[in-house]
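To start, the structure under review is shown below, and the notes come after it.
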Amino acid sequence: MKVLMFGWEFPPHIAGGLGTACYGMVRGLAYHDVDVLFVMPSASGDEDERYAKIINASDIEASDVRLDHQEFLEKVKFLRVWSNIVPYVDPRDFSTLVEREKMAQAESFRINFKQKYKFSGKYGSNLMEEVVRYAMVGGTIATQQEFDVIHSHDWLTYMAGIAAKRVSGKPLVIHVHATEYDRSGENVNPDVFRLEKMGMEAADKVITVSNLTRNIVINKYGINPDKVVTVHNAVDFSGRDNLEIHRGVPEKVVTFLGRITYQKGPEYFIEAANKVLQKYPNVRFVMAGSGDLLNRSIRRVAKLGIATKFHFTGFLRGADVHKMFAFSDVYVMPSVSEPFGISPLEAMRTGVPSIISKQSGVAEVLKHSIKVDFWDIDAMADAIYALLKYPALSSMCSKKGLEEVNALKWNNAALKVKDVYLSTLK
Amino acid sequence: METKPSICFYFQVHQPDRLRQYRFFDIGNDSHYYDDFANRTIVRRVAQRCYIPMNNLLLELISTFGKKVKFAFSISGAVIEQLEMYVPEALDSFKQLAKTGCVEFLAETYSHSLSSLVSQTEFEKQVKLHSALIQKYFGKKPKCFRNTELIYSDEIGAKVAKMGFTSILTEGARHILGWKSPNYVYTNPINPKLKLLLRNFNLSDDIAFRFSDRSWAKWPVNVDKYVDWLNDSLKDGEVVNLFMDYETFGEHQNENSGIFDFFRALPEAILNRTDIEFCTPSEVAKKHHPVSALNVPFAISWADEERDTTAWLGNELQNEAFSKLYELEDKVIAADDEQLSKDYMRLQESDHFYYMCTKFFSDGVVHNYFNPYDTPYEAFINYMNVLSDFILRVDKRLKQ
């Protein structure tokens, strides 16, 4: 079986968990004899291609496609609907602008396809534009390649998946790693929401990373429960040894690691840290990562007067992430809404006991971690204190947690994904 | 006989010990805090562009006009240490200036710190250390005091008087003076023996900030114009105090702006066209009678539009860093360790707090000057990591 997979990132160039998850899944699929053709913008050439053929969307030239624009545009017409490049100011100018835009579109389309459109491949300000361009290239790739199923990861690639489906007629599976509700709470971006809904509706099957996410897909997006399947993420730690590090600080270290955004609940971690510090001074807290709430968090820490015990590291990558886990005694993931959440697994793999919010998908698969409501800072502080203070508890969480995490294999998850593929081919 | 009006030039010389990128991982592992490369590069550059050429220019003026020209300097302990290490020839040229007898060196805190705002002990200690350093290099014990960034209040003034100083420099802040003119000598209301010299900010900033500002209506400044302004200003008053960063010459205003030529020609024009006399701050304090006491209940400074201390202690980041730093004072004294005391002084340099300032408006340019950080938040994180390591060292030492 051959799968055309649309992603946005792939190790080693990752901004979040999506790339890591894709990598594990692709490896697992390869194990089950599924070939994957992985499409991503701006592949830089050093991605691991042992398990998947990587196609760089920026390298796709469409000049060998018959220049039958009209036909192609017919099939992918919807792609331009939300390209927010032209802000319409005045109704009187509207028609002229539209006319000019139409011509420019035809022109740019030709240019895009002849000259290899350059993707930045990063989540940036002209994201919508890139999503649309990526979709156009997706459609082109679909005409050039042989495959049985299309698989799109997260909203950025849904349009590409839809375009590929329209062009090829092959079934589409979309994979929901996160929804707009997780990222932005109730302040959903309507464009993103529409794109997500469109993707889910167009898909033959929808895979969600947890039941938590499955419920959101069903209830908030109104998708038929029959076509939504949960496949929990896994982790793959093979070939990684625990780091030997020298710890300079005598105190115990409690860590938050992730994007410092609304979704991750950094403020609850800070408040809980403050509570713990009142009772138990022999501890340091670290907030690793960056994001739009970073500055607010720093101000809050300063205001609480705990800044000599609460540290920020900025964005960490690669070896520094492992180093950070190796530094830690307790890991906390206080996410407000976490479709899955792979980071506690990474922590537990390093033998670090973790505290996770009940509002996370990973809470559905973990038994040996402490679960609290994200808003319950008293419970969170209590759990941190307990793990610091009672060695019996922390050593149990650490030992059992490691066993538990090692049992979560991508090979098993990939088999479930393969079953989903097969169900679409019936 | 009527006393002639005076002009008093005073230049501030200071460079901070900038911190290196200090990661959380370094805490407890590596206790070297400073970005030696940046500090060396910057002090060398500033010496080449400013200290050495401007010192030479002043020496030239002194050899031409003799005792008719006078200048004053305040040089922080921090920059003296850097010059000694990295550009000894610049330090030599300051020594040469001291020998002419036309230059007064003022007292300040050793590390350009804000200790006057919180700790009497630390403040006195630093001032004594600095005075000893000045005496060692320039041969004279300072009699006139100027606090970091001209920070001053009635209370600080009284402290300074108690320590034996007879005059102090500060800002002629408009909200303090009201209708009064900065061109007179005033006294401290608690201890009237302490004379106050107030910076004439208009005429000072015409040189320090606006000299090369082409959007300024009065640009360009030339010597004739400037002497006219001096005369105008002295219609009301007896002394014009021109206080500015020494880096104005060649750094803030670069050589191409003509700042050196302007300053080379200025004394001659003043001496020829007016009866204004050059004085050092101590001479001004002696020569002119104070007109009244000046009340300054809350601390003022020469910084920003507000002329207060909010550039260093204006937001919660700064307050947190500052209070955590000074909480350590007793412990550092108890630890009684030379290296710790040295680092403690360096961590007090006001610049560290200045980098955490979140006021980015008209003064942003000055705030960004020599600033190693992109944002105040980064400055805070880095500083707190360093401070955390420092606390560990102090505690460790105390346990021994």
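Proteins come first, then strands; the chains are lettered A, B, ... in the order of their sequence lines, and each starts at number 1.
- When heavy atoms are compared at a cutoff of 4.5 Å, B/Ile381 approaches chain A solely by way of its side chain, counted from C-beta outward.
- In this structure, A/Phe269 has its ring center closer than 6.0 angstrom to the ring center of A/Phe310.
- Using a 4.5 Å cut-off between heavy atoms, B/Leu387 touches chain A through its side chain atoms alone.
- Neither the backbone nor the side chain of A/Arg300 comes within contact range of chain B, judged by heavy atoms closer than 4.5 Å.
- A cation-pi arrangement is found for A/Lys323 relative to B/Phe25, the charged atom lying closer than 6.0 Å to the ring centre and inside a 45° cone about the ring normal.
- Figure legend: A/Lys389 and A/Tyr280 shown without cation-pi pairing, the cationic atom not lying both under 6.0 angstrom from the six-membered ring centre and within 45 degrees of its axis.
- Both cation-pi conditions hold for B/Arg346 and B/Tyr34: the charged atom is under 6.0 angstrom from the six-membered ring centre and inside a 45 degree cone around its axis.
- In this structure, the portions of A/Phe312 lying under 4.5 Å from any heavy atom of chain B include both its backbone and its side chain.
- With a 4.5 angstrom heavy-atom cutoff, A/Val286 touches chain B only via side-chain atoms.
- A salt bridge links B/Arg393 with B/Asp343: the closest approach of a Lys/Arg side-chain nitrogen to an acidic carboxylate oxygen falls below 4.0 angstrom.
- Considering only heavy-atom pairs separated by less than 4.5 Å from chain A, the leading option among B/Gln318, B/Glu378, B/Arg23, B/Lys324 is B/Lys324.
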